[in-house]
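In what follows, a structure is listed as structure tokens, so that the remarks can point back to it.
Numbering of ligands and ligand atoms starts at 1, following listing order. The structure displayed is predicted, hence computed values, not measured ones.
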Amino acid sequence: MSNGKLEGRVAIITGAGGGLGAECARVFSSHGAKIVVADINAEAGQRVADEITEQGGTAIAVATDVSQEASVSAMVEQTVAAFGRIDILYNNAAILSEAQRAGDLDVVNMDVDAWDRAMAVNLRGAMLCSKHSIPHMIKQGKGSVINVTSGLGTMGDLTLSAYASSKAALIMLARSMAAQYGKQGVRSNALLIGLAPAENAHATMPQQLLDIIRDNHLTPELGTPRQIADAAAFLASDESSFVTGSVLSADGGFCSHTPSMAPMRELFAQMGSNKM
Ligand SMILES: NC(=O)c1ccc[n+]([C@@H]2O[C@H](COP(=O)([O-])OP(=O)(O)OC[C@H]3O[C@@H](n4cnc5c(N)ncnc54)[C@H](O)[C@@H]3O)[C@@H](O)[C@H]2O)c1
């Protein structure tokens, strides 16, 4: 449902060529925002921008490698040339390819290139996009930056150490920027996402893994891209005008319970009671 809460706003969404970023682009557009689809995959980005335009929205695709400063500064310049301002920066791009996940393991088995790639894309990318966008927000006296993070950025796990470390740092980066530019009207928050696979993503995850993760969400089902985009739209809009420096969880309660909860649920079911 749209209430025009982003009417006239200009939103840069990184990694919006697919997955959660693409849904966010569609939802922000439905609320009236003009969208910049900034993705390293030029073709995918263009497809999303075209789809939005066909639906009556306004969007451009700008092929961007968020890990490279020259590419980011060119993308920001193109945004301002096209739309004259930047109101929202959604730092969503992350490197999650199969090859990346194969190298991003526990620390002893870490492929150092995978570590560096995770930091360059996930973390440096968000810093660079913020570095080049925030001056425009300050000029306007208003803006909202949102860093996409994950439960893995707040709790230890067995693998994906580089991804997790980059996601933890994104929370700190959001807080640093909130402190640094809040008085100039720029808000900055982190959005902590639970598992919300885009339609095609279920196929690449073994069912057993999905079941374990679902068991640890407090909601009946895993999340949907739309649920994530709705939380992002809240942080992007004036509905959250007093929210800054925060971590908003849209994670189905994944990070809110004791580590023993899921096996305890099973045990209590077997016992037919939750009396301890
Ligand atoms: N999907 C989930 O369930 C989930 C859960 C927790 C957190 N997240 C976070 O949400 C965000 C989106 O996840 P997703 O599942 O949609 O991922 P995805 O892999 O489907 O999309 C990531 C996008 O980023 C782009 N990208 C990769 N490297 C880039 C670069 N150097 N410059 C610009 N763009 C680049 C890719 O081309 C792709 O379109 C990520 O930050 C991820 O960590 C997702």
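Set against the non-hydrogen atoms of A94, the atoms of ligand 1 under 4.0 Å away are 22 (C), 24 (O), 27 (C), 40 (C), 41 (O), 43 (O). For ligand 1 and G15, the ligand atoms under 4.0 Å from any heavy atom of the residue are 23 (C), 24 (O), 25 (C), 39 (O). Annotation for ligand 1: atoms under 4.0 Å from non-hydrogen atoms of G19 are 16 (O), 20 (O). Near A93, the atoms of ligand 1 lying under 4.0 angstrom from a non-hydrogen atom of the residue are 24 (O), 34 (N), 35 (C). Every atom of ligand 1 is numbered from 1 in the order shown, and the set under 4.0 Å from a heavy atom of L20 is 1 (N), 2 (C), 4 (C), 10 (O), 16 (O), 44 (C). Proximity to T64 (heavy-atom distance under 4.0 Å) selects the following atoms of ligand 1: 32 (N), 33 (C).
Of the protein's non-hydrogen atoms, the one nearest atom 11 (C) of ligand 1 is N92 OD1, 3.1 Å. Nearest protein heavy-atom contact of atom 10 (O) of ligand 1 is V148 CG1, 3.4 Å. Distance from atom 38 (C) of ligand 1 to its nearest protein heavy atom, with residue and atom name: D39 OD2, 3.5 Å. In this structure, the protein non-hydrogen atom closest to atom 6 (C) of ligand 1 is I193 O, 3.3 Å. Regarding atom 34 (N) of ligand 1, its nearest protein heavy-atom neighbour is I40 N, 3.3 Å. At the shortest separation from atom 18 (P) of ligand 1 among protein heavy atoms lies L96 CD1, 4.2 Å. Taking atom 28 (N) of ligand 1 as the reference point, the nearest protein heavy-atom neighbour is V121 CG1, 3.8 Å. Ranking protein heavy atoms by distance to atom 31 (N) of ligand 1, first place goes to D65 OD1, 2.9 Å.
Smallest separation of non-hydrogen atoms from R187 and T244: CA-OG1, 3.3 Å. Minimum interatomic distance between A25 and I13 (heavy atoms only, all atoms of both residues): CA-CD1, 3.4 Å. Across S161 and M110, no two heavy atoms sit closer than the pair CB-CE, 3.6 Å. The nearest pair of heavy atoms linking T154 to C255 is OG1-SG, 4.0 Å. Nearest approach of S71 to A63, heavy atoms of both residues: OG-O, 4.3 Å. A231 and A250 get closest at one heavy-atom pair: CB-CB, 3.9 Å.
Here K142 pairs with D238 in a salt bridge; the nearest charged N to carboxylate O distance falls below 4.0 Å. Remark: R47 does not engage D50 in a salt bridge, criterion side-chain N to carboxylate O under 4.0 Å. Electrostatic pairing of D230 and R226 counts as a salt bridge here, judged by a charged N lying under 4.0 Å from a carboxylate O.
Neither the backbone nor the side chain of T14 comes within 4.0 Å of ligand 1, counting heavy atoms alone. Here L195 has heavy atoms under 4.0 Å from ligand 1 in both its backbone and its side chain.
Rounding to the nearest 0.5 Å places CE of M75 at 10.5 Å from CG of D65.
A donor and an acceptor atom, one from each side chain of E77 and H132, are nowhere located under 3.5 Å apart.
In this structure, G18 has a heavy atom closer than 4.0 Å to ligand 1. Heavy-atom separations between A196 and ligand 1 include at least one value shorter than 4.0 Å. Within the structure, ligand 1 lacks G45 among the residues with a heavy atom less than 4.0 angstrom away. For K167, the closest heavy-atom approach to ligand 1 falls below 4.0 Å.
Annotation: T149 places no N or O atom under 3.5 Å from an N or O atom of ligand 1; distance criterion only. Checking only distances, V66 does come within under 3.5 Å of ligand 1, N or O to N or O. Ligand 1 has no N or O atom lying under 3.5 Å from any N or O atom of I95, backbone or side chain. Between Y163 and ligand 1, an N or O atom pair is found at a separation short of 3.5 Å.
Relative to atom 5 (C) of ligand 1, the option among S150, P197, G194, A232 with the closest non-hydrogen atom is G194.
By the 4.5 Å heavy-atom criterion applied to side chains, V36 and F83 are counted as neighbours.
Under a 3.5 Å cut-off, the side chain of N189 and the backbone N or O of G245 do form a donor-acceptor pair. Of the possible polar contacts, none joining the S249 side chain to the L192 backbone as a donor-acceptor pair under 3.5 Å is found.
Among the candidates D251, N92, V148, the single residue satisfying the side chain to side chain contact (heavy atoms under 4.5 Å, CB included) test with I193 is V148.
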